[in-house]
Structure formats: C-alpha cells, structure tokens
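In this text the structure is predicted, and so the values were computed from the model without any measurement. So that the names make sense, note that chain A is the first sequence line, chain B the second, and so on, each numbered from 1.
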Amino acid sequence: MEYRLAYCGEGEVNWCEALGTVLANDEVVNGVSERGGYPVVKKKLRQWYLRITEYADRLLEGLERIDFSDAMKEMQTNWIGRSYGAEIDFEVKSEKATVENLRVYTTRPDTIFGVDFMVVAPELEWVPDLASAAQAAAVQEYLDYVQRRSDRERMAEKKISGVFTGAYAINPFDGREIPIWISEYVLAGYGTGAIMAVPCGDERDYKFAQHFGIPVTNIIGSHFNGSEANPTKEAVLENSGFLTGMRMRDAIGVAIDKLEAMGIGKRKVNYRMRDAAFSRQRYWGEPFPIRWKNGVAVPLPASELPLELPHVDSYQPGPEGEGPLANIPSWVAKELETNTMPGYAGSSWYFLRYMDPHNNEAFCSRDASDYWAQVDLYIGGTEHAVGHLLYSRMWTKALFDLGYIGHDEPYKKLVNQGMIQGSSRFVFRVNGTNLFVSKGLLDADGNYGGKTVDKLHVDVNIVDGYELDTEAFRNWKPDFAAAEFLLEDGKYICSSEVEKMSKSKFNTVNPDDLVEKYGADTFRMYEMFLGPVEMSKPWDTKGIEGVHRFLKKFWRLYMDEEKGLQVVDAPATAEELKVLHRAIRKIEEDTERFSFNTAVSGFMICVNELSDLKCRKKPVLSDLLVLITPYAPHIAEELWHLLGNAGSVLDAVYPVFEEKYVRESAKAYPVAINGKTRAEITISLDAGQQEVEQIVLADPGIAKWLEGKPPKKVIYVKNKMINVVV
RNA sequence: GCCCGGGUGGUGGAACUGGUAGACACGCAGGACUUAAAAUCCUGUUCGCCGAAAAAGCGAGUACGGGUUCGAUUCCCGUCCCGGGCACCA
C-alpha cells in the first residue's frame, strides 16, 4: 500500500442471495449456483486490487530473458495485450443531455470516417442516461438480461444481441450523427468500455451491422467486397475527408495528430490486462494487515505483524457479501479488514520462503535469496499461464524493486508438463428444481421439456460406468438428499467428458493402490513411459504391466531367484560395450531434452539386448545400474548394495559415453525410386556420390524398376537415404 | 467467441533438423515349459490385394480437403474434432 501497489476499488462479484455468499465463476452454472441451484446476480463490492498493469511493459520485456516455451510466451503476451491507438471523445446528442462526451479507444483512428455506430458496454453506470424515452424500456430490459449473464457466457455467446439507446455521437470531422448501441460483446474492463464500430473493416462490427440492418459505409473501395469485413491497413482511404488518398497505415498517425490538435483525442497505449483482483470474501486466505480508521485503510505497524487468522467456530459468510471474518466480534472490534487474500498470494512467492524457512525476521534473507537466486527449473502446467505464472513474475519484480531480492524474474526455465486428465461424470438437474433427468431423456439441445438443465459434476466413484448409484448420490451431499430422479430403463445414465483431473471435478483417482501392488519404481517409470511430459492425457493404467515386467527382467540380469547374484567380474565384449554405450548416449540425450518416455524405451531395448547376449559382466551391469538410478532409484540402490558396494548409488560416478564403442563403418541405406522405398543396400559410410550411384544403379533390385531408362537424378543424403528420380 | 496446444495401428506412443511411418510397450492370437496355474520364453499382429501356406510381391495409409518438394506425420492454406485458459479453482 505504501508503494501504491495495492488499492481499493469497486468490483463485481457473483452474488447468491439464497446462499448468502459470493461464488467463483466455476461455481455458477446457467446463472444459478451449482450448489442448490439458486439465482446468482452480479453485485458490486469494495475490493482490493494489485496494480499489475504498471508492470505490463516489464512483464513483456522479461519474456525475452527467460526460457519459456513459445506457446507460453505467446499466451502471456496476448493476455497482456499491448496495443497502440488513440482515445477519442465524441460529442453526444441525447434527449436527457446528461452525458456530454463518449470516449472510445481505438487502434484504428484512420477509419474514423467509416464509423457507422458506437457500442457501449452495458455495465457502465451512465448507460441508462443515454436512453431516449422511446428506447428506455428496451434498454432497461437489455440491462436486466446482461445482469444475469456471466462474463464467460457473454464471451462464448455466438448470437448477436444489443439495443439502440436512442442517443447519437457526432463525428467531429463531418458532423454525421452516429447511433449509440449497447451490446454485451463490448466489455467494460477493456479500454474505455466503448468502441467506434467500423463494419467495413472489423468482422464483429460487420456482423453486428448485418444483424441490426445498420447501413455500412465503405471507406476502402474495392478492398471491401460488401459481404465480409476487411481489416487491412494497406488500402488507400476513400470517402475520408482529410485522410482521403492516404494509405491506412500512414493515416493512423495523421488522424491522431489532428485529433490532438483539436483537443478531442490523444495517443494511447492500451493493455487488455486488468489490475489483479486481490481480495476474497472467504476465511481461508492470508488476512490483510490493514486497519480501517474512519473509512481510511491504514497498514498495521511492523510491531503488530504477523497478523494471523483468528480461530473460528463457523465459516459462515458475513452479512451483505462480506467474508466470514466479519462475523468475528474481536476482529471487527479492532477494525481489521475482513477480506482475505486469494490463493495466488502465497503461490506468488512461496519458493522464496523455501530458501530460508526458519527466518523469523524476514520472509527470506537477502543472503539466502542471493545464494539460491532464480528457480532453475520450474515444472508446471499451461493452465497457470495467465494466472500464477504471471502473478509470481509481477511479485518478483516488485520485491526486486524494493531491494529484497536480487533478481526480477522468478524462473529461469519453465517446462510445461501435460495434465493427467480424468474422465468426469455429469448429472442433469432441471433448472430451479431438485429433479435429475437421465441423459437419454434430454432434448437434442440438452434441455428437458423446454426447461434449461444444469449440468453438474458428480463423483466418479458413485457412478458405475455411466450408471449413477442414486442412493449413494443422495447421501453424497446434503444438497442432494431430497433429489428426485427421472430414469431411463430403470437406470440413471450420466454423461462423461475428459477433463483435467481435479478435486473440484470429482474425477480423481488415488495412485496408492498401484504403488502398493507394483512398487514406487514401477509407478514412477510408468508415468514417464506414458508419453511426452508436455502432453496431456487421460489417466489409464493399462500399460503398467509392461513396465513392471521390464523391471523384473532388469532384476534378473543381476539376480537369479535361486542362485542369487549372477554378476561376474570379467571384461566385456565389444558387442556388449556397444549395447551399453548406445544406451548411455540415448539416456543422456533423452534425459537432457525431457524425453523420458523414449529414455525408458531405451532402457528396455538395452535390457532386451543384454538378456539376449546373456551378459553378466560387471563392467557393463554396474554402469547400467548407475544409468537407471534416476528412473528406478529403489531397485538401483538395492542392487548397488548386492553388488558389494558400500556407499549409496547416488554417489556413484555417472557413466561417460565413448564414441569408439558404437562406431559403424557402413549403413544399410533405404533406396527409393521416386520417393517409394524399393530396396535396402548396405554401403560404406565413406562412399561419395559417384560411388553410390554406381552401386545403386548396378543393383538388380533397382535395375528392375528403371526398365532400362537412365535415371534423371540420384539423391544421396549421407547416413540417411538414397532416392532415384526416374 | 477469443488465445494456446493436440489428432499416427485395437490401445499408450516412436520417427529429435523434410529422408525406411508404426521403435518400445499394452492388448490379442498361436506355441513352449507345467498335472494345472502363476511366472518366464518363442512366433505373429497397420489395412487391403495375390496366395493352400510360407516366402516374396503389389496397392493404400499419420483427422479431413488442397498445395510446395526428388521426397511431407514434419512446411504452407482451408475445414472438422478433442483438451487447456478466458481474470473468484489454484
């Protein structure tokens, strides 16, 4: 607060009167609470915000210095959404005349002569003042409709909706009267919450104009085909007053200069990202070290820190959407803030605390954070792209600026592991009732008898395949105790979806049973063998037997069930060393690039080959043991001791790859005719183009395909393939 | 709707930089060992055609439709489907 990083403002929350609480977006389904099915509306509450927008440019710049995937950088860049444009004030002509100006943000001031209508976000307070007497009822009806809609629904809406206010904006250059509309596709939180719509150049504006029959002005001549917007910047402007004849790209600056000179507009860099809402009306969260004195928020002095959550008997929400802390008389008496911090408060900097966990003076001493510095490798999913991973980057920059730490990016390298997904099950509740309808009874559009149906997650553990155990469902949660069911063929059938595995989706499975049955090494290796780390996939244990069999086979290289240790201290053959060193190379390469599934496959190939060779040689098997340690640490450690070593395998010297053991002198080349592989010919790796051509063309298997004709070209890629073009 | 990923045999996947598509496994089928089972081992397994069978051969094939290239799972354009995110799940 002292650095103006945090401030109070008004924010909209999902308010459920019946539950008396604020709900998260994913606790709201079809405008009703997931729990109980009660109506949810938007409500304005005082909230805390963090000024992350002040860091927007540095968050963009920092991306160039860190090792994140391009996709991740792209997501963060798009989320921050920096754009260059202008704010323009339009004079407003309305019946009430209480709104004098309409300020819009646009990246395309060059198209100002093509503005055919304005669109204002419905939630802006002064919107009702725009409405003419004739339009007042329609406007109010539309505002009520939007009030019931979640942001998520609004953004996903394909249908075009909106209403004319009855007011007009005046084009400052040609005096044209431009109708002002309201539509939910314009969001209050972006730009000024109002846009100038240019249907010939913007697809959404064009569709809106089409839908409501608004005439379209063409300012780009033949670049506009009359049936589709063209967002080009390269067209030469027509019908555009002082901009006519200019290329659009060049006209942008000219238009802004003119607007600035006239005092009705200015250059503006805009960000899509908004400041971060930082308060929650919940109990479980860090309390704010803030005391309210006569309506002014004052930070607690350091002597009163740390402020800890009070013990409570009940977690019931406080009055009027306040958090549970508002119910604690001792807390309220001290005039302490009753909101708490969100989950990302802690997750933004926990890794710093890990560096110095017992420090009672500071979150982390400067010495400790200088020593450990950045997180070298952070493994996390892309679902954190624009939340946690952005917040923690901002948090780190703030701490850096204040001198508490010496680096301004928290993570050096980020690897996005895929999510293990689960198969979720859903039940269908008729909106506003306690009636649950089996899947097969729903209409084609997912409704029941014309009524909206809420799709709710149900615990996979009380569903057998797709059939719900209705009795277990009634016992599952108090809300469902009185549930009634409409069955099909005597059964309640659920629908299913593959989603990320999550407690809130009730689709989690517990790995303990598998660890119990196969051991931790098998489980660990199986997870790695499943597929590339960065790929998401549904959890499935079908293949675990294979990994288990492999580890048993690996064990048998060293140990015989009856005769015990089989390893002999004898020199390895060239063949055995080749197998070993191929494995060393493969494991090293694959591990370096996080390709654990192919590394496991490499181990399997190596063990299969050594088994075939009946290799029992200690020099080979000892190195292999060290190699596999990161993948199967328990078995490795045990065999290490059985081999007679005193210390831990973790301290053993890691095997070094030596090229001399795997060197080959010839390769079996695939030979293709016109790109189709027809033969395999073994040729020395030293062979040159001419030599290869001779050998290939003399080959009877190839000659057959040439039918006596000379080839056009022979393409020879050393150590890869040979292609004969006929 | 917008942003970001992904789509390859019956299944998980491999092919790293445009160069033999299906490595390694699972499953399945057949066989060996066993009184039997488990465990283990061997053989086969993309689809279609040819063929008694084996071997060999031919054709098609990496979501779908086009394109670039001697050559495309890989690059380009378009479409469809699935997953993640969209600001109060963290």
A:I52 and A:M273, any side-chain heavy atoms less than 4.5 Å apart: yes
Touch class at under 4.0 angstrom, heavy-atom based, for A:V13 against every strand present: base
Contact under 4.0 Å: A:N597 side-chain N or O vs B:rA14 OP1/OP2: yes
Residues, nucleotides or ligands: over 12 heavy atoms within 6.0 Å of A:E592 CD: no
Residue-phosphate contact under 4.0 Å: A:K553 side-chain N/O, B:rC41 OP1/OP2: yes
Nucleotide B:rG84, atom C1' - distance to CH2 of A:W79 in whole Å: 13 Å
Under-4.0 Å side-chain N/O to phosphate OP1/OP2 contact, A:R280 with B:rC88: yes
Residue closer to the 5' end of RNA chain B, A:I605 versus A:D612 (nearest nucleotide): A:I605
B:rC58 OP1/OP2 closer than 4.0 Å to side-chain N/O of A:R678: yes
Sugar-phosphate, base or nothing in reach of A:L530, heavy atoms under 4.0 Å: sugar-phosphate
Within the 6.0 Å centroid threshold, strictly below: A:Y49 and A:Y7: yes
Spacing of A:M419 atom CE relative to B:rG6 atom P, expressed in whole Å: 14 Å
Spacing between A:E74 atom CD and B:rG5 atom P, to the nearest angstrom: 5 Å
Enclosure of A:R35 CZ (heavy-atom neighbours >12, cutoff 6.0 Å): no
Separation of B:rC41 P from A:E561 CD (nearest whole Å): 13 Å
Short side-chain N/O contact to B:rU17 OP1/OP2 from A:R593, under 4.0 Å: no
Short side-chain N/O contact to B:rG27 OP1/OP2 from A:R549, under 4.0 Å: yes
Any A:N78 side-chain nitrogen or oxygen under 4.0 Å from OP1 or OP2 of B:rC2: no
Donor-acceptor pair under 3.5 Å, A:K500 side chain vs B:rC89 base: yes
Sugar-phosphate only, base, or nothing, as touched by A:E534 at under 4.0 Å among non-hydrogen atoms: nothing
Electrostatic pair A:K713:A:E693 at N-O distance under 4.0 angstrom: no
Separation of atom CG in A:N14 from atom C1' in B:rA87, rounded to whole Å: 12 Å
Under-3.5 Å donor-acceptor pair between A:E27 side chain and B:rC88 base: no
Spacing of A:E545 atom CD relative to B:rA39 atom P, expressed in whole Å: 7 Å
Sugar-phosphate only, base, or nothing, as touched by A:K552 at under 4.0 Å among non-hydrogen atoms: sugar-phosphate
Pairwise C1' distance for B:rC82 and B:rU43, with rounding to whole Å: 38 Å
Any donor-acceptor pair under 3.5 Å from A:K718 side chain to A:L685 backbone: yes
B:rA60 OP1/OP2 closer than 4.0 Å to side-chain N/O of A:K676: yes
Nearest-Å distance for atom pair NZ/C1', residues A:K614 and B:rC41: 10 Å
